[in-house]
Each structure stands twice: as C-alpha cells, then as structure tokens.
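Whatever order the structure lists them in is the order used to number ligands and atoms, beginning at 1. Note that the structure is predicted; figures quoted are calculated from it, not measured.
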Amino acid sequence: MTGEEIKNLINAASAARMNAYAPYSGFYVGCAVMTSDGVIYTGANVENSSYPVGICAERSAFAAAVSAGEHNFAGAAIVGGKGSSLPEHYCFPCGMCRQFIAEFCKEDFPLILARSEEDYQIHTLSELLPNTFYLTDIKSSENP
Ligand code: THU
C-alpha cells in the first residue's frame, strides 16, 4: 500500500469512528477497509443494551464490503479509543474480528492501527492471528 492509501484509510477510519454508537463502553472505534481495486468501506462499533448483541467496527466494515460483493482486500485501518478525541493507544482488533477478517484476507494482509494520520503501526494478519483456522481445515478430500 502507498503512503497516500494508508493516509486515506486512516482518515476514513477516523471519520467512521465519529458514527460509533457506544453509550455503554464509551469506547469509539472506526474501521476502513480498502479493496484490491481501491474502494473503501467503513464501519463503526454499534453497541446494544443486550451487550453481546453489539458489533465491533472491524466486522461492521468487512460485512459492509462483503455485502457489496467484495472479496479481495488490500488493507484495513482501525482507530479506536475512549471518548471522541484522539485515541490514547493503538486499538488492536479483538479475537473474533481477527478470525472474521481471516476468512477473506491472506497472512500478509496489513492492519494499520492508528492514533492519527502520522502516528500508526502496521501488523500483518498472521502476526495477530497465527495458525489460523481456515475453510480448508473443514473441507478436505476426505471431508468435502
Ligand atoms: N471494539 C471494536 O469495535 N473493535 C475492537 O477491535 C475492540 C472493541 C468495540 C466493542 C465495544 O463496542 C467497545 O469497543 C468496547 O469493547
């Protein structure tokens, strides 16, 4: 990914974060995922009074992209933290979201964890989710 694309993704994730619905945790997260063709889809966390019903920003963003027919992705940015001001820390995706992303993205897929346009770190998916359980683990020649 180019520096420009990384900046665009971070800005899209920050903007999506403003739409987070997080009255219970006060933790606002935005995610932006870019397809291989350069199209950006975004999502925010949406909480619920029945807590487990809520959804994370990452799954919101990827579900939006997949629902639009996209299956090929180049990278994703995540911006999250308490309140609506600049996040104090990098927001790592939760385990469920790592598994969700792994359904569609390869081991070297870059996840950009950002506090701002200039302040970010990049981790590959396999760094965050080694030894992933894949579709190929379910469907084998003995078990088609
Ligand atoms: N959350 C996300 O949206 N993404 C993450 O990677 C971590 C957690 C949300 C879920 C919940 O709405 C709030 O942050 C606090 O856990």
Side-chain angles (χ1 to χ4, degrees), residues 1-140:
M1 286 179 68
T2 66
E4 181 82 5
E5 287 173 332
I6 291 173
K7 273 191 179 179
N8 289 343
L9 266 188
I10 293 172
N11 286 331
S14 297
R17 182 172 178 248
M18 295 300 130
N19 296 328
Y21 176 75
Y24 303 101
S25 70
F27 196 86
Y28 295 78
V29 189
C31 175
V33 55
M34 197 177 78
T35 68
S36 309
D37 299 331
V39 181
I40 293 178
Y41 292 84
T42 61
N45 55 329
V46 182
E47 298 184 344
N48 190 275
S49 57
S50 177
Y51 291 3
V53 175
I55 186 168
C56 293
E58 296 87 332
R59 277 175 290 136
S60 295
F62 275 85
V66 175
S67 301
E70 305 283 2
H71 282 195
N72 297 305
F73 301 107
I78 303 164
V79 182
K82 276 270 175 196
S84 54
S85 51
L86 205 69
E88 265 182 69
H89 306 288
Y90 301 114
C91 178
F92 281 78
C94 78
M96 190 186 274
C97 287
R98 294 177 197 202
Q99 179 66 28
F100 196 91
I101 294 168
E103 184 73 17
F104 303 101
C105 301
K106 298 202 175 74
E107 291 183 347
D108 61 351
F109 182 78
L111 285 155
I112 304 150
L113 314 181
R115 293 184 59 242
S116 71
E117 220 181 76
E118 295 83 29
D119 181 0
Y120 61 86
Q121 49 180 240
I122 303 182
H123 296 274
T124 65
L125 183 58
S126 66
E127 269 178 72
L128 300 186
L129 189 69
N131 306 315
T132 307
F133 183 76
Y134 282 120
L135 177 71
T136 47
D137 294 312
I138 301 173
K139 290 183 187 277
S140 63

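- Gln99 places a side-chain N or O within donor-acceptor distance of the main-chain N or O of Phe133, the cut-off being under 3.5 Å.
- Atom 3 (O) of ligand 1 has Ala57 N, 2.9 Å as its closest protein atom, hydrogens excluded (heavy atom only).
- Relative orientation of the His123 and Phe92 rings is tilted, given thresholds of 30° and 60° on the angle between their planes.
- A 6.0 Å sphere centred on CE of Met96 holds no more than 12 heavy atoms belonging to other residues, nucleotides or ligands.
- In this pair, Phe62 and Phe73 present their aromatic rings perpendicular. The plane angle is above 60°, beyond the 30 to 60° band.
- Residue-level proximity to ligand 1 for Tyr24 is absent, since no heavy atom of it falls below 4.0 angstrom.
- Annotation: atom 9 (C) of ligand 1 to nearest protein heavy atom, Asn45 ND2, 3.5 Å.
- Of the protein's non-hydrogen atoms, the one nearest atom 6 (O) of ligand 1 is Glu58 OE2, 2.5 Å.
- Distance remark: protein heavy atom not present below 4.0 angstrom from atom 16 (O) of ligand 1.
- Among all protein heavy atoms, the one lying closest to atom 8 (C) of ligand 1 is Cys56 SG, 4.2 Å.
- Judged by distance alone, the side chains of Asp119 and Tyr90 do bring a donor and an acceptor atom under 3.5 Å apart.
- Put simply, no part of Gly54 is less than 4.0 Å from ligand 1, judged by heavy atoms.
- In this structure, atom 12 (O) of ligand 1 lies nearest to the protein heavy atom Glu47 OE2, 2.6 Å.
- Put simply, no part of Cys97 is less than 4.0 Å from ligand 1, judged by heavy atoms.
- Of all the atoms in ligand 1, the ones that sit under 4.0 Å from a non-hydrogen atom of Cys94 are 6 (O).
- Side-chain contact, Glu107 with Thr124: no donor N or O sits under 3.5 Å from an acceptor N or O.
- Considering OG of Ser14 and CD of Glu117, their distance stands at 8.0 Å, rounded to 0.5 Å.
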